[in-house]
Amino acid sequence: MFKTFVPRIMPQGTSLRGGWMPIARVCAIALLAGSLGACSSFDMFSKKEEAASDEPADRLYNEGLYLLNAKQDPKQAVKKFEEVDRQHPYSEWARKSLIMSSYAYYQAGEYDDCVNSAKRYITLHPGGADAAYAQFLIGSSYFDEIPDITRDQARTEKALAALDEVIRKYPGSEYSISAKKKIEVARDQLAGKEMDTARYYQKRRENIAAINRFKVVITQYQTTRHVEEALMRLTETYMSLGIVNEAQTAAAVLGHNFPDSPWYKDAYRMVRGGGVEPHEDQGSWISKAFKKVGLG
């Protein structure tokens, strides 16, 4: 599994040059002076007490950083970052604290909360400096919860979609390279799920259902490591059905693209055992599928 790059998070006033998550950018803090309107003595007292209870935004923010970095306590850090948002909702510190909350949730393994927080950041600050990172956190949260291939792959599909958004919307960001690597893993996982289901059908001699699943691997995931076995299984299934022409094509395409594959040796033996040689039919869907992406 690929890990999300850990940002170098420094206290306010410290440069973050070269870090993966340029969050702690030094910004000017405007001190706003507001006047109180006429109100009852009780309202005046309440407002003064509320104002006195507020902590400076920068102090809360840096306390959150301290808890996250020095204390390695992301759950407590989240409380500080969220307090910034509660006490200073329209400040620049609130924006910075929101992305830090997302990161802290991710570090704590609270993936659903991370996704919700990061989505909120993107909604409120679609053009923000850390929008790309927020999207990357969403994809990484789904990615880190990818289950084994015997289970439902909804999380894998969500990871794939979210990580694709990183590349599509932020192609020049520093997170796009890592997103591409995670996408490769996610696609391989989805292909593995298709193969697992196809083998199940094949064992039950439900050959048409098996072929349809192998076809998904060939047409949608042919750059994954599962495509070699899928071609061999197609050779095997088509031979058992007596559809020799397609079996020959599957074996020929396998041999042409992966000549050193042990799966090709099995496919070759199968067609030879049927009295024929691997031969590619250019009109076969198998041949067309590989030529569509420049293979074969």
Side-chain angles (χ1 to χ4, degrees), residues 1-3 139-140 142-164 167 177-241 243 245-271 273 278-281 284-296:
M1 288 289 191
F2 296 92
K3 287 190 174 181
S140 296
Y142 289 134
F143 181 87
D144 284 6
E145 288 193 304
I146 289 178
D148 64 71
I149 60 173
T150 64
R151 300 174 62 187
D152 180 75
Q153 296 299 306
R155 280 271 172 176
T156 310
E157 292 172 352
K158 287 182 178 180
L160 198 59
L163 292 166
D164 186 65
I167 297 170
I177 295 176
S178 183
K180 288 178 182 177
K181 292 179 179 179
K182 289 175 183 284
I183 284 173
E184 290 176 6
V185 176
R187 284 175 53 80
D188 193 84
Q189 184 76 359
L190 291 176
K193 176 63 176 179
E194 293 295 331
M195 289 298 297
D196 185 62
T197 305
R199 286 191 292 264
Y200 168 78
Y201 285 131
Q202 190 178 30
K203 289 178 181 179
R204 292 170 58 90
R205 300 187 184 279
E206 297 179 34
N207 292 318
I208 300 303
I211 287 172
N212 287 335
R213 292 290 186 160
F214 291 133
K215 187 174 183 177
V216 171
V217 178
I218 299 300
T219 56
Q220 296 183 28
Y221 305 112
Q222 61 185 252
T223 58
T224 69
R225 61 191 173 95
H226 298 283
V227 71
E228 298 174 37
E229 182 186 355
L231 285 167
M232 189 282 292
R233 297 295 180 189
L234 280 174
T235 304
E236 185 177 43
T237 307
Y238 278 130
M239 286 297 291
S240 68
L241 291 173
I243 308 177
N245 183 59
E246 291 286 47
Q248 288 177 279
T249 298
V253 170
L254 176 55
H256 179 71
N257 289 282
F258 312 99
D260 298 323
S261 171
W263 295 111
Y264 173 59
K265 295 178 182 178
D266 292 338
Y268 182 78
R269 282 196 296 268
M270 287 178 199
V271 294
H279 175 73
E280 183 175 357
D281 178 358
S284 168
W285 69 266
I286 301 171
S287 180
K288 291 177 180 179
F290 271 76
K291 285 181 171 56
K292 187 176 181 179
V293 294
L295 299 176

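Position 1 is the first residue of the sequence; numbering continues from there. None of these values were measured; they are calculated from a predicted model.
- Judged purely by atom type and a 3.5 angstrom limit, Thr249 uses its side chain to pair as donor or acceptor with the backbone of Asp281.
- In this structure, Thr223 OG1 and Glu184 CD are separated by 7.5 Å, a value rounded to the nearest 0.5 Å.
- With sequence neighbours excluded, no residue forms a salt bridge (Lys or Arg N to Asp or Glu O under 4.0 Å) with Glu157.
- One finds no salt bridge joining Asp148 and Arg151 here, because no Lys/Arg side-chain nitrogen approaches an Asp/Glu carboxylate oxygen to under 4.0 Å.
- The CD1 atom of Ile286 sits 6.5 Å away from the CG atom of Leu231 when rounded to the nearest 0.5 Å.
- In this structure, the side chains of Pro259 and Tyr264 stay at 4.5 Å or more apart for every pair of heavy atoms.
- Taking every heavy atom of both residues into account, Pro147 and Gln189 meet most closely at O-NE2, 2.5 Å.
- Side-chain atoms of Leu190 and Glu194, non-hydrogen and from C-beta on, never get closer than 4.5 Å to each other.
- Within the 4.5 Å cutoff, no side-chain heavy atoms of Ile211 are placed close to those of Arg233.
- Taking 4.5 Å as the limit, every side-chain heavy atom of Gln248 sits out of range of all side-chain heavy atoms of Tyr238.
- How far CZ of Arg205 is from CG of Leu241: 11.0 Å, rounded to the nearest 0.5 Å.
- In terms of heavy atoms, Ile167 sits closest to Ala179 at CG1-CB, 4.2 Å.
- Taking CG of Asp144 as the start and CZ of Arg155 as the end, the distance is 10.5 Å to the nearest 0.5 Å.
- Asn207 CG to Tyr201 OH: the interatomic distance, rounded to the nearest 0.5 Å, is 13.0 Å.
- A side-chain donor-acceptor contact under 3.5 Å links Ser240 to the backbone of Thr237.
- A heavy-atom distance below 4.5 Å is not found between the side chains of Asn257 and Val227.
- Using modelled atom types, one side-chain atom of His226 and one backbone atom of Asp188 make a donor-acceptor pair closer than 3.5 Å.
- Side chains of Glu236 and Gln202: a donor-acceptor N/O pair is present below 3.5 angstrom, by distance only.
- Between the side chains of Glu228 and Ser261, at least one donor N or O sits under 3.5 Å from an acceptor N or O.
- For Gln222 (side chain) and Ala289 (main-chain N/O), a donor-acceptor pair under 3.5 Å exists by modelled atom type.
- A distance-only check finds a donor-acceptor pair linking the side chain of Arg187 to the backbone of Gln220 [under 3.5 Å].
- Atom NZ in Lys265 sits 8.5 Å away from atom CZ in Arg269 (nearest 0.5 Å).
- Contact check for Trp263 versus Thr235: no side-chain heavy atoms found under the 4.5 Å cut-off.
- The side-chain hydrogen bond (donor to acceptor under 3.5 Å, both in side chains) search around Glu206 returns Arg204, not counting sequence neighbours.
- Contact detail for Phe143 and Ala186: the closest heavy-atom pair is CE1-N, 4.4 Å.
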